[in-house]
Amino acid sequence: MRTIAEASGASLRPHVKTHKCRELLHIQQEVGGAGPAIVVSTLREAEFFADAGIVDDIILGVPLDMCKLGRSLDVARRVRSFGLLIDSAEVLESLENALDLPSQCAAVSSLISPLQLWLEIDTGYHRCGIDVTTDLAPAVKLVQAIVHSGCKHIAFAGLYAHSGHSYNCCPSARDPGAARAAAASIAGFEGDRAAALASELKMLGVVVPCVSLGATPSVSSGAMWPRAALGGTRLELHPGNYTLYDRQQV
Ligand SMILES: Cc1ncc(COP(=O)(O)O)c(C=O)c1O
């Protein structure tokens, strides 16, 4: 993954749900090309790694549960950057309203930086995210709502996509070449749609700081990621399972 990320001009933000282990993340950072930025799949993982002292940038890689906003803000006070995935105007609005409540005043005033909101885009997995497979307009509208929000405790961090459906493209265990080609095509589509959205947003004057992409099969497929099409926007890859490989990968 380090080699792939380097060749793609991308930084590596590993998803740590597979190992949930400080020591393994440390090895990833020492020799695996990972930096101090990770994705987690639960708030408990976020709390653990916020206290582990080896990361300063965490994305919670599941939709925000507003009932756990207090715990999320606790994590956000302990790391330089805490990211949340947003895929609907309703969630954005409830987050803005909750952050502006007088009862949250103390919690938000001690944030190290505003909550980093990533627009989660759906490029074919259909688990969550705003669908960008054919139409970019709803995604553009939601990014504009984030960027023009009156809430000063949030900021637009970039676009986030996860092609979990790349696990399903193994037509025959005896034909790994075909599986790799299918995963590469999923990765290519993910990269193209993210780059198209980033470029549309740039034309509208919206700065897209980063595009974060990938899953273990799609990143391992040898796909080309859209470095050139992204211009000044940073590219990250966020595979996770590759650290230990669970049975899904088999
Ligand atoms: C939102 C999100 N991003 C990234 C990943 C990492 O994907 P993988 O473990 O397949 O490499 C996952 C895995 O579940 C995920 O849910």
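Positions are given from 1, in the same order as the sequence printed here. Quantities reported herein were computed from a predicted structural model and do not represent experimental measurements. The figures that follow rest on heavy atoms only: side chains count, while hydrogens, waters and symmetry mates do not. Read the numbers this way: they start at 1 and go in the same order the structure lists the ligands and their atoms.
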Problem set entry | Check: His19/Thr243 side-chain N/O donor and acceptor closer than 3.5 Å | no

Exercise. Would you say ligand 1 has an N or O under 3.5 Å from any N or O of Glu120?
Worked result: no

Exercise. Between Gly240 and ligand 1, is there a nitrogen or oxygen pair with a distance under 3.5 Å?
Worked result: yes

For this session: Can you figure out which of Met1, Arg13, Arg127, His15 has its heavy atom closest to atom 16 (O) of ligand 1?
Result: Arg127

For this session: Show which atoms of ligand 1 fall inside a sub-4.0 Å distance from at least one heavy-atom site of Gly61.
Result: 1 (C)

Exercise. Would a 4.5 Å heavy-atom cut-off, applied to side chains only, mark Leu99 and Leu73 as touching?
Worked result: yes

Exercise. Any side-chain heavy-atom pair from Leu119 and Tyr160 closer than 4.5 angstrom?
Worked result: no

Problem set entry | Polar contact flag for Lys17 and ligand 1 (N/O pairs, less than 3.5 Å) | yes

For this session: Kindly check if the number of other-residue, nucleotide or ligand heavy atoms within 6.0 Å of CE (Met66) is above 12?
Result: yes

Problem set entry | Min side-chain heavy-atom separation Leu237-Met1 under 4.5 Å | no

For this session: Answer with side chain, backbone, both or neither: which part of His238 has a heavy atom less than 4.0 angstrom from an atom of ligand 1?
Result: both

Seminar exercise, completed: ligand 1 to Pro239, heavy atom cutoff 4.0 Å, flagged ligand atoms 11 (O)

Seminar exercise, completed: Of Asn241, Thr243, Thr18, Leu244, the residue with the heavy atom nearest atom 9 (O) of ligand 1 is Asn241

Problem set entry | Tyr167, portion touching ligand 1 at heavy-atom distance under 4.0 Å | side chain

For this session: Please confirm whether Tyr160 comes under 4.0 Å of ligand 1, counting heavy atoms of the residue only.
Result: yes

Exercise. Side-chain contact, heavy-atom cut-off 4.5 Å: Arg234 with Ser11?
Worked result: yes

Exercise. Looking just at side-chain N and O atoms, do Glu45 and Ser41 make a donor-acceptor pair shorter than 3.5 Å?
Worked result: yes

